[in-house]
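All residue numbers refer to positions in the sequence shown, counting from 1.
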Amino acid sequence: MQNFFGETIHKAGLELTKRFQSKLKINIKQDDSLVTDADLASEKVIIGEIKKNFPHDIILSEEAGLSNESKQPGSYIWIIDPLDGTTNFANGYPYFCVSIGRALILPNGSFSPVAGGILD
């Protein structure tokens, strides 16, 4: 699991690094927060790796939402923020990160974290 987190989070970070301080496509979401093409590229990397390595897990990502409504106890869910600090990133401030977590879904519907990683 540690190797998966390390490799995946660094791949996502490389996508952000390639786009940092470049011309970005920026959109405003319904909640008035920003989303950039960098958010979406990082998210694509992370979701692709999760689907390849953990195909039965559920994914909850800030941009893509929930991949499956069926939150069965005993299954796992990934919680992703592919670019935490989008406003900083979009304004060229080097204060942002990639956040990924995996949790076990409990019988009462809550989540029990089992692993996580942040790349600053």
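Contact detail for P113 and F111: the closest heavy-atom pair is CD-O, 3.7 Å. Taking both residues in full, the closest heavy atoms of A115 and F5 are given as CB-CE1, 3.4 Å, listed atom of the first, atom of the second, then distance.
No donor-acceptor distance shorter than 3.5 angstrom exists from the side chain of N91 to the backbone of Y93, with no hydrogens or angles considered. No donor-acceptor distance shorter than 3.5 angstrom exists from the side chain of S42 to the backbone of A38, with no hydrogens or angles considered. Between the side chain of N88 and the main chain of Y95, a donor-acceptor pair closer than 3.5 Å is present. When atom types are taken as modelled, the side chain of S110 and the backbone of L106 share no donor-acceptor pair closer than 3.5 angstrom. Using modelled atom types, one side-chain atom of D39 and one backbone atom of T36 make a donor-acceptor pair closer than 3.5 Å. Without hydrogens or angle criteria, D84 side chain to S99 main chain gives no donor-acceptor distance under 3.5 Å.
In this structure the side chain of I100 reaches within 4.5 angstrom of the side chain of V98, judged on heavy atoms.
With respect to T8, the side chain to side chain contact (heavy atoms under 4.5 Å, CB included) criterion is satisfied by exactly one of N53, I46, I50, L119: I46.
We find that E15 and R19 are joined by a salt bridge, their nearest charged nitrogen and carboxylate oxygen being less than 4.0 Å apart.
Ring-plane geometry between F20 and F89 is classed as tilted, the angle between the planes lying from 30 to 60 degrees on a 0 to 90 degree scale.
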